[in-house]
Amino acid sequence: MDHEAVRAVDPAVADALEAEVERQRNSLQMIASENHVSEAVLGAQGSALTNKYAEGYPGARYYGGCEHADTVENLAIERAKELFGAEHVNVQPHSGTQANQAVYYAMLDPGDKILSLDLNHGGHLSHGHPANFTGQLYEVEQYEVDAETGYIDYDGLAEQAEAFEPDIIVSGYSAYPREIEWETIQSVADTVDALHLADIAHITGLVAAGVHDSPVGVADFVTGSTHKTIRAGRGGIVMTSEAYADDIDSAVFPGGQGGPLMHNVAGKAVGFGEALEPAFEEYAAQTVANANALGETLVDHGFSLVSGGTDNHLVLVDLRESHPDTSGGDAEDALEAADIVLNANTVPDETRSPFDPSGIRAGTPALTTRGFDEDDVRLVGELIARVVDAPEDETVRESVREDVADLCAANPLYE
Ligand code: DSN
């Protein structure tokens with residue numbers, strides 16, 4: 001990967017960029033929210049569109065010279081509509097969180113009520129956490145997963161909704177390994193006359209490929225990010241019906257953002273185009289098959305998975321029973337030292353600090369992009385078990401690093 005133009009003027013940054021490519025090539029990226037975009041998406045994102053102001057929307061900009069920006073944004077919108085079957089798509093949010101912000105800003109007043117999943121149970125900061133503006137501007141109650149099964153407690157959610165009378169119910173999660181019942185949540189929203197925001201940030205690609213049920217056409221608003229299970233570069237997206245189109249567009253710009261990041265919109269256009277190819281369905285299905293293989297291997301090695309397994313691209317491991325002396329942070333550090341990169345994560349009914357929680361979350365989107373199949377991922381599961389069983393053993397780390405190097409060499413990245 002060529003950083004020569006950067007190197008000519010800034011060797012320090014060029015060194016860091018090249019070291020990052022090497023890090024991604026030579027270690028296993030298993031943070032469930034990460035992936036590797038194509039060189040085509042990288043090229044679009046690193047294009048001259050970064051120079052262009054294009055406040056407004058195609059055909060109605062506040063600046064001249066936007067004809068090529070219009071072309072790119074229209075392509076991103078049309079491809080997203082085709083991928084998701086959405087009536088209206090806004091491709092300008094800078095991130096999934098900005099996409100959520102647009103929905104709240106469009107539809108809620110300060111003090112209105114949000115009902116969303118607790119962060120420790122798999123929710124997201126932008127769904128009403130006290131540290132986020134949503135937790136400060138709105139009245140928030142949170143639902144949970146069932147303590148026994150680890151699945152969303154849909155009956156509890158219905159009861160809570162009737163008592164709380166929320167203005168909006170948020171579904172869609174960051175650390176939830178199971179299929180989400182959009183229709184069930186929509187019927188709860190209908191019963192209490194609430195809006196429904198489905199945040200598919202983690203599963204955007206799985207929904208696009210049809211390997212997870214779609215909330216598009218069910219929920220009032222569907223938000224997502226474009227760089228997790230779909231490989232369209234860092235950013236966000238909002239989908240809704242024509243009825244809410246103007247509200248959402250005004251809330252994104254000028255309500256919450258200024259000029260769109262047109263180079264990122266170009267990345268979205270290219271990535272959505274790639275996701276319309278038949279190979280993307282195979283990729284998404286393989287991502288889920290790989291997560292299943294990973295989960296089964298970890299269970300075979302004595303690990304406990306929240307909900308017992310997975311239907312999507314991630315597994316959430318609760319270390320408390322199997323490894324009571326190892327925190328999520330200990331496991332994350334030991335694995336990183338063995339070239340396996342994932343993140344410590346809170347688990348339902350967390351008993352430790354969010355800074356050093358009781359679980360680890362592992363995903364297969366990035367490994368699948370570089371060609372890993374179930375056999376490869378089973379070996380990865382064994383490597384994870386070897387490290388977490390002996391988190392301070394340098395001999396184990398060294399031998400795992402060698403196995404990781406072999407796997408990376410067999411599945412090259414950015415050749
Ligand atoms: N930070 C992302 C994740 O890791 O799930 C969500 O925004």
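All values reported here derive from a predicted model rather than from experimental measurement. In each ligand, atom 1 is the first atom listed, and ligand 1 is the first ligand listed. Numbers here are sequence positions counted from 1.
Counting heavy atoms only, Ser33 comes closest to atom 2 (C) of ligand 1 of the residues Gly96, Ala32, Ser33.
Among protein heavy atoms, the minimum distance from atom 5 (O) of ligand 1 is reached at His202 NE2, 2.7 Å.
Checking Ser27 against Gln29 by side-chain atom types alone, a donor-acceptor pair falls below 3.5 Å. For the residue pair Asn132 / Gln136, no side-chain donor-acceptor distance below 3.5 Å is found, with atom types taken as modelled.
Both tests hold for Arg231 against Tyr283: distance to the six-membered ring centre under 6.0 Å, angle to the ring axis within 45°. Phe164 carries Lys113 over the face of its six-membered ring, with the cationic atom under 6.0 Å from the centre and within 45° of the normal.
At least one heavy atom of Arg361 sits less than 4.0 Å from an atom of ligand 1.
Contact atoms of ligand 1 toward His124: 6 (C), 7 (O) (distance under 4.0 Å to a heavy atom of the residue).
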